[in-house]
Trainee: 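Provided herewith is a single structure, encoded as structure tokens, for subsequent inquiry.
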Amino acid sequence: MLRMSTLLLRTLRDDPADAEVASHRLLVRAGYVRRIAAGVYSWLPLGYITLRNIERIIREEMDEAGFQEVHFPSLLPREPYESTNRWEEYGPNLFRLKDRRGNDYLLGPTHEEMFTLMVKGEYSSYKDLPLSIYQIQTKFRDEARPRSGIIRGREFVMKDSYSFDLDDAGLAVSYEKHRNAYIKTFERLHMKYNIVSAVSGAMGGSRSEEFLAPCPTGEDTYVLCEKCGYAANVEAMITKVDAYAGAEPAAMEIFDSPSTPTIDSLVTLLNEKFGEGYQASDTLKNVLLMADGKAISILVPGDREVDLKRLEANLPGVLELRLFEDADFAKHPGLVKGYVGPQDAAKFGITVYADPRVVLGSHWVTGANERDKHVRFVTHGRDFTIEKFIEAAEVRAGDLCPNCSTPVVIDRAIEIGHIFQLGRKYAEALDLTVLDKDGKSQVVTMGSYGIGVSRAVAAIAEQTYDELGLNWPREVAPADVHIVATGKDDLPFNTAEQLAKELEAAGLRIMLDDRRDASPGVKFKDAELIGIPFIVIVGKALADGKIELRVRRTGDKSEVLLESAVAQIVSVVTAN
RNA sequence: CGGGGCGUAGCGUAGUGGCUAGCGCGCCUGCUUUGGGAGCAGGAGACCGGGAGUUCGAAUCUCCCCGCCCCGACCA
């Protein structure tokens, strides 16, 4: 039983000055966490109970799915991370340190290497697979900008699992099992979430999905179709296009277009010159970039920008991507800044990619590769060709859902889980192989699955808080029932004490406000701020032999006869 | 890492060159009070983020450093 009279807790009446987002503000005010450094937090009793409740739910669901829990140190030697090249690759986000002998160590930002090595150390036969193992562990990442309290910390608790399979079909099964376990877990946590397609990117692998908890303070933006439920990371959004249905375009026609380096100025000129209701989307923008030292051009309709993150996610294997600079133009004398067109790209040695909207057979107004000249009726397939289509144009609210053509919305969310098919990258780097049926050595294929545990505390707070304070789902809350005793004599306190014992015996977790020196107002405010889902008040109504039961979430209040209180409370609470 | 803001007691804050750094919450003592953050009286708690400088005199001005928050870049 938790007792307010002795609990290490001091609620704050004012919002802390350094907390902006609601979850951070309330978790500090309600005495759950305290900031120690940027992105580093201590957990007070209430907070730690809540965190452990979430851990327990996750653990139960992982065990239920047949995954085995293991545990690795946070303090790790350099070598394993050397063989996968991540000692370097992880860059400044890695906390590095030295022991007294000067040997390099790191604080684990993620544990792919250790999991892989653990399996390598024990297993060597296909008969041992499939295997899924997980841990709940503190991770360390020296983020450039920790933010939003415990939503993005530099030290945080994460559940990470890895699956090990002989082949892709097995990986698909393990992936699906994790996906289902995650669905069950987040349902139990009472979270609202969307499963969103993501781009697996440089990590390789074929499938990747994120569990995103919609929330205005979230730092991820994603695309959602409210009609069919299609959800995708902005990077993974698929552009819906129709085949070109117009007439065969006229031959290319070059025209003078002095001082029209921008799309706007070009559209104005087009309408003056040809009067045909030209729009920015009729022009073709040629965005020039350097990809690992190679010049590439991305063709997008003139009303769209190139989204560099999206481009990068869809250009696997490219390490350095940047926009053309003046020096790059100098190296490609055929290219005239502001007047570039794809017609001569092959001649200039430029690889051309195009947004899917630049469909085969469509015609465009674009640069003539001559100063002050543009050209119209430039037709894809006839006048230029591309290397391939690429999803690189910015995504906007109102773009069409690839499944059902409904305009999509763009929403914000907190990433609470991520599952993806890792493939063989780590198994290859660390030489994790097993012998198959035929006695041949096979590289194992892996999946990687994460849940942000400490982040979930904040995400749940964000999705449930109200103007009175925190407002937890029952399983997550630090207790089921918060009993408040008010009054000046012993009767309500003794009654509350007795009630607390009986409810506890009935299996409920109880917080008892047994403070004699606090006024009723203070106790009510504290109870609401702390956010335990049921509040029982033992006070004034005792005169009629009753207690009051309140439901924090709905604000419902009802009076219950003391004799039947235990049964009533248990039934209301467990029905929830 | 770029841009912006802030650093005064546990928390929230006032104080822009001049008395002993002020107030509210919280904390301690006593009395009163007990259904919506009670009242009165008394009290403890601050090297004003750190260092250097300017000045007769610095929380206040200057320089350097550190820390924190927000926007952006970044984020297996």
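A quick note: this is a predicted structure, and the numbers were derived from the prediction, not measured. Lettering of chains follows the sequences in order, A, B, ..., and the numbering in each one begins at 1.
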Trainee: Given the ring of A:W87, does A:R96 sit roughly above its face, with NZ or CZ under 6.0 Å from the centre of the six-membered ring and within 45° of the axis?
Mentor: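 Cation-pi check for A:R96 and A:W87: passes.
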Trainee: Which one is paired to B:C48, where only Watson-Crick or G-U wobble pairs with both distances under 3.5 angstrom count?
Mentor: none
Trainee: Tell me which nucleotide, if any, is Watson-Crick or G-U wobble paired with B:A14 when both distances must be under 3.5 Å.
Mentor: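 The base-pairing partner of B:A14, which may sit in any strand shown, does not exist here.
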Trainee: Answer with base, sugar-phosphate or nothing: what part of the nucleic acid does A:E89 contact at a heavy-atom distance below 4.0 Å?
Mentor: nothing
Trainee: Within the 4.0 Å heavy-atom criterion, would you say A:D526 contacts the bases, only the backbone, or no part of the nucleic acid?
Mentor: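 If one applies the 4.0 Å heavy-atom cut-off, A:D526 turns out to touch a base.
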Trainee: Touch check for A:T11, heavy atoms < 4.0 angstrom, all strands: base, sugar-phosphate only, or nothing?
Mentor: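 Answer is base: heavy atoms of A:T11 come under 4.0 Å of a base.
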Trainee: Which one, B:G24, B:C74, B:G35, comes nearest to the side chain of A:A144?
Mentor: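 Nearest to the side chain of A:A144 among the choices is B:C74.
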Trainee: Which whole number of Å gives the distance between the P atom of B:C74 and that of B:C63?
Mentor: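 Comparing P positions in B:C74 and B:C63 gives a spacing of 33 Å.
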Trainee: Go through B:C69, B:G35, B:A76 for me and flag the one nearest to the A:E20 side chain.
Mentor: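 Comparing B:C69, B:G35, B:A76 against the side chain of A:E20, the answer is B:C69.
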Trainee: Honestly, is A:R550 close enough over A:F524, meaning NZ or CZ under 6.0 Å from the six-membered ring centre and within 45° of the axis?
Mentor: yes
Trainee: Looking at B:C6, which nucleotide sits across from it as a Watson-Crick or G-U wobble partner, both distances under 3.5 angstrom, or is there none?
Mentor: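 Partner of B:C6: B:G67.
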Trainee: NA contact type, A:T84, heavy-atom cut-off 4.0 Å: base, sugar-phosphate, or nothing?
Mentor: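 It contacts nothing in the nucleic acid.
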Trainee: What nucleotide, of B:C69, B:A38, B:G36, holds the atom closest to the side chain of A:S519?
Mentor: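 When the side chain of A:S519 is considered, B:A38 is the closest of B:C69, B:A38, B:G36.
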Trainee: Would a 4.5 Å heavy-atom cut-off, applied to side chains only, mark A:Y134 and A:R59 as touching?
Mentor: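 Heavy-atom side-chain distance check passes, below 4.5 Å.
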Trainee: My understanding is that a pair needs two contacts under 3.5 Å, Watson-Crick or G-U wobble. By that rule, which nucleotide pairs with B:A73?
Mentor: none
Trainee: Could you check which of B:A76, B:C1, B:C68 has an atom nearest any side-chain atom of A:R145?
Mentor: B:C1
Trainee: If I pick the C1' atom on B:C61 and the same atom on B:U54, what distance separates them, to the nearest angstrom?
Mentor: 8 Å
Trainee: Taking the side chain as everything from C-beta on, heavy atoms only, tell me whether A:V28 gets closer than 4.5 Å to A:D15.
Mentor: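 Not touching, per the 4.5 Å side-chain cut-off.
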Trainee: Which part of the nucleic acid, if any, lies within reach of A:A37 when heavy atoms closer than 4.0 Å are counted: base, sugar-phosphate only, or nothing?
Mentor: sugar-phosphate
Trainee: Specify the separation, in whole Å, of atom CZ of A:R515 and atom P of B:C27.
Mentor: 9 Å
Trainee: What nucleotide, of B:A38, B:G36, B:C11, holds the atom closest to the side chain of A:K525?
Mentor: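 Output: B:G36.
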Trainee: Just the rounded figure in Å: distance from C1' of B:U34 to CG of A:D517.
Mentor: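 After rounding, the reported distance stands at 11 Å.
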Trainee: Using the side-chain heavy atoms of A:R10, tell me which of these nucleotides is nearest: B:G72, B:G35, B:C27.
Mentor: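 Shortest atom-to-atom distance from the side chain points to B:C27.
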Trainee: Which value, in whole Å, describes the distance between the C1' atoms of nucleotides B:U13 and B:A52?
Mentor: 29 Å
Trainee: Tell me which nucleotide among B:G24, B:G36, B:C68 gets nearest to the side chain of A:K557.
Mentor: B:G36
Trainee: Judged by each residue's nearest nucleotide on RNA chain B, which is more toward the 5′ side, A:Y41 or A:R147?
Mentor: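 Residue closer to the 5' terminus by nearest nucleotide: A:Y41.
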Trainee: Taking atom P in both B:U20 and B:A58, what distance in whole Å separates the two?
Mentor: 12 Å
Trainee: Report the distance from atom CG of A:D513 to atom C1' of B:G35, rounded to the nearest whole Å.
Mentor: 13 Å
Trainee: Scan A:E528 against the nucleic acid and name what it touches under 4.0 Å (heavy atoms): base, sugar-phosphate only, or nothing.
Mentor: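 Here A:E528 touches the bases of the nucleic acid.
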Trainee: Choosing from B:C70, B:U34, B:U13, which nucleotide comes nearest the side chain of A:K488?
Mentor: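 Per side-chain heavy atoms of A:K488, the pick is B:U34.
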Trainee: Determine whether the side chains of A:T445 and A:D165 contain a donor N or O and an acceptor N or O closer than 3.5 Å.
Mentor: no
Trainee: Taking the six-membered ring of A:F493 as reference, does the cationic atom of A:R516 (NZ for Lys, CZ for Arg) lie under 6.0 Å from its centre and within 45° of its axis?
Mentor: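 Yes, A:R516 and A:F493 form such a contact.
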Trainee: Measure CG/A:L26 against C1'/B:C11 and give the value in whole Å, please.
Mentor: 15 Å
Trainee: What does B:C40 pair with, Watson-Crick or G-U, if both distances are under 3.5 Å?
Mentor: B:G30
Trainee: State plainly whether the residues A:R322 and A:D328 are in salt-bridge range, i.e. N to O under 4.0 Å.
Mentor: yes
Trainee: Please state the P separation for the pair B:U29 and B:C69 - nearest whole angstrom.
Mentor: 36 Å
Trainee: Under a 4.0 Å N-O cut-off, is there an ion pair linking A:E112 with A:R86?
Mentor: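 Counted as a salt bridge, because a side-chain N and a carboxylate O are separated by less than 4.0 Å.
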Trainee: Between P on B:C74 and CD on A:E143, what's the gap in Å once rounded to a whole number?
Mentor: 13 Å
Trainee: Both distances below 3.5 Å, Watson-Crick or wobble geometry, any strand: find the nucleotide opposite B:G35.
Mentor: none
Trainee: Both distances below 3.5 Å, Watson-Crick or wobble geometry, any strand: find the nucleotide opposite B:G57.
Mentor: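 Matched B:G57 with nothing under the 3.5 Å cut-off.
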Trainee: Select base, sugar-phosphate, or nothing to describe what A:A485 touches, counting heavy atoms under 4.0 Å on all strands.
Mentor: nothing
Trainee: When the P atoms of B:C47 and B:C56 are considered, how many whole Å apart are they?
Mentor: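 My reading of the P atoms in B:C47 and B:C56 gives 29 Å.
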Trainee: What integer number of Å spans the P atoms of B:U8 and B:A59?
Mentor: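 Roughly 15 Å separates the two P atoms.
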Trainee: Nearest-Å distance, CG (A:L9) to P (B:C11)?
Mentor: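 Those two atoms, CG and P, are 16 Å apart.
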Trainee: Within the structure shown, what part of the strands sits under 4.0 Å from A:K309 by heavy-atom distance: base, sugar-phosphate, or nothing?
Mentor: base
Trainee: What I'd like to find out is whether the side chain of A:F140 reaches to under 4.5 Å of the side chain of A:P109, using heavy atoms alone.
Mentor: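 No; the side chains remain at least 4.5 Å from each other.
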Trainee: With respect to the side chain of A:R550, which nucleotide from B:A76, B:G35, B:C69 is positioned closest?
Mentor: B:G35
Trainee: Give me the distance, rounded to whole Å, that separates B:U60 from B:C48 when you measure between the C1' atoms they each carry.
Mentor: 10 Å
Trainee: Could you work out which one of B:G35, B:A73, B:G12 sits closest to the side chain of A:I537?
Mentor: B:G35
Trainee: What is the separation between atom CG on A:L94 and atom C1' on B:C74, rounded to the nearest whole Å?
Mentor: 15 Å
Trainee: Please report, rounded to the nearest Å, how far the P atom of B:C74 is from the CZ atom of A:R141.
Mentor: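 Answer to the nearest Å: 17 Å.
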Trainee: Which is more 5' along RNA chain B, the nucleotide nearest A:R29 or the one nearest A:A17? Just name the residue.
Mentor: A:A17
